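Presented below is the structure to which this report refers.
Just so you know, these numbers come straight off a predicted model, no measurement behind them. Nothing fancy with the numbering, it's 1 onward along the sequence.
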Amino acid sequence: MFETPIEFPALEQRLAFLGLTAAAPVTARLQTVTLPLSQPAPVRAAIAGSSIVSMAEGVSADDEQDALDCALYLEQYTDTRYDRQTQWYEWLQHFTLGLWGFGWIHQRPVMLDSRHIELHEPISSAILDTLRPNVSDSMYSAAMHAFEALKDNLQASMLLAQKSARERGRQFQTMPCAYDANGRLTLMLIHSWYVAAVEPAQFLFLKWLDHDVTLIQHYGTFTLDRKRFDPLAAAMRDKITERSREYLLRL
């Protein structure tokens, strides 16, 4: 049985759903994927609120900023619509539909695959285990680099812990990005939350041997359709204030 095609919403509907108003028309920029071999863009990562966003080698600075802005805006806007403590699933639905609204295409924009894990290893290891069979080597390496950089950065760890806090646990996201075989910017979203009796700042790297902890993951892959993203980009950036950017920290 074939799945019924999903009708993509009109621009006005997307603007309304995302809490945006129409901006002046913009000209879609050309995406440049091939970079000079002498100056490849390195692997890099950043904390955008409670999202760990990482870029595979070769991803351009413009595409990196697009992904970071989407994560930062959607986190903060979705927080105004739903309480993460009591409406975590509605929050996740709105966030993933927000990605869809911005032009990050997923075959099923709301329903993501899920994993329920009784942890006896670091959360970072469990996330990498989820990534390994589902992404390219370059995207996997970007996620691993983000964890390595975060482990040695107390300021970033404290920001992530602060923004991901919830009662008896934390809720956060991992978003490694890379180009697919067609040169399109692609990310894998892993939305994670765990329940435990302890809440260390370096919660990603704790070996959960002496504590009972459950980790729940929802994950899916999104590919950016730039023709759908570019008409909304200016309006989104107009809404991201300087105060909002205090929650963006590059590793």
Within residues 159-178 or reaching into it, pairs that qualify as ring-ring contact (aromatic ring centres under 6.0 Å, His included) - sequence neighbours excluded = Phe172-Phe203
Separation of Gln87 CD from Thr78 OG1 (nearest 0.5 Å) = 12.0 Å
Is Gln65 reaching over with its side chain to a backbone N or O of Asp62, donor-acceptor style, under 3.5 angstrom?
-> no
Using atom types as modelled and distance alone, determine if a side-chain donor or acceptor of Arg44 lies under 3.5 Å from a backbone N or O of Pro42.
-> yes
Name all residues meeting the side chain to side chain donor-acceptor pair (under 3.5 Å) criterion together with [X]; count only those two or more places apart in sequence or in a different chain, and write none if there are none.
X      : result
Arg237 : Asp66, Asp69
Asn153 : none
Glu118 : Thr214
Trp91  : Asp79

Among residues at least two apart in sequence or on other chains, which ones pass side-chain contact (heavy atoms from CB on, under 4.5 Å) with [X]?
X      : result
Thr86  : Asp83
Ala142 : Val43, Ser54, Ala56
Lys239 : Leu20, Tyr73
Asp225 : Ile105, Lys227, Arg228

Distance-only check: which donor-acceptor pairs under 3.5 Å involve side-chain atoms of residues 125-133, not counting sequence neighbours?
| from | atom 1 | to | atom 2 | distance (Å) |
| --- | --- | --- | --- | --- |
| Thr130 | OG1 | Arg115 | NH1 | 2.5 |
| Thr130 | OG1 | Ala126 | O | 3.2 |
| Thr130 | OG1 | Gln217 | OE1 | 2.5 |
| Arg132 | NH2 | Tyr140 | OH | 2.4 |

At their closest point, which heavy atom of [X] faces which heavy atom of [Y], and how far apart are they?
X      : Y      : value
Leu248 : Ala46  : CD1-CB, 4.3 Å
Pro231 : Arg226 : CD-O, 4.3 Å
Leu18  : Gly101 : CD1-C, 4.0 Å

Could you verify whether a donor N or O on one side chain and an acceptor N or O on the other, from Ser244 and Thr241, lie under 3.5 Å apart?
-> yes
Determine, step by step, whether His94 and Trp100 satisfy the ring pair (Phe, Tyr, Trp, His ring centres under 6.0 Å) criterion, reporting the C-alpha distance in whole Å, the side-chain angles of both residues, the deciding distance to 0.1 Å, and the verdict.
-> CA-CA 10 Å; His94 197 276; Trp100 173 261; over 10 Å; no
Taking salt bridge (Lys or Arg N to Asp or Glu O under 4.0 Å) as the test, write out the residues that go with Arg250, two or more places apart.
-> Glu64
Pairs touching residues 189-198 that satisfy side-chain hydrogen bond (donor to acceptor under 3.5 Å, both in side chains), sequence neighbours left out = Gln171-His191, Gln173-His191
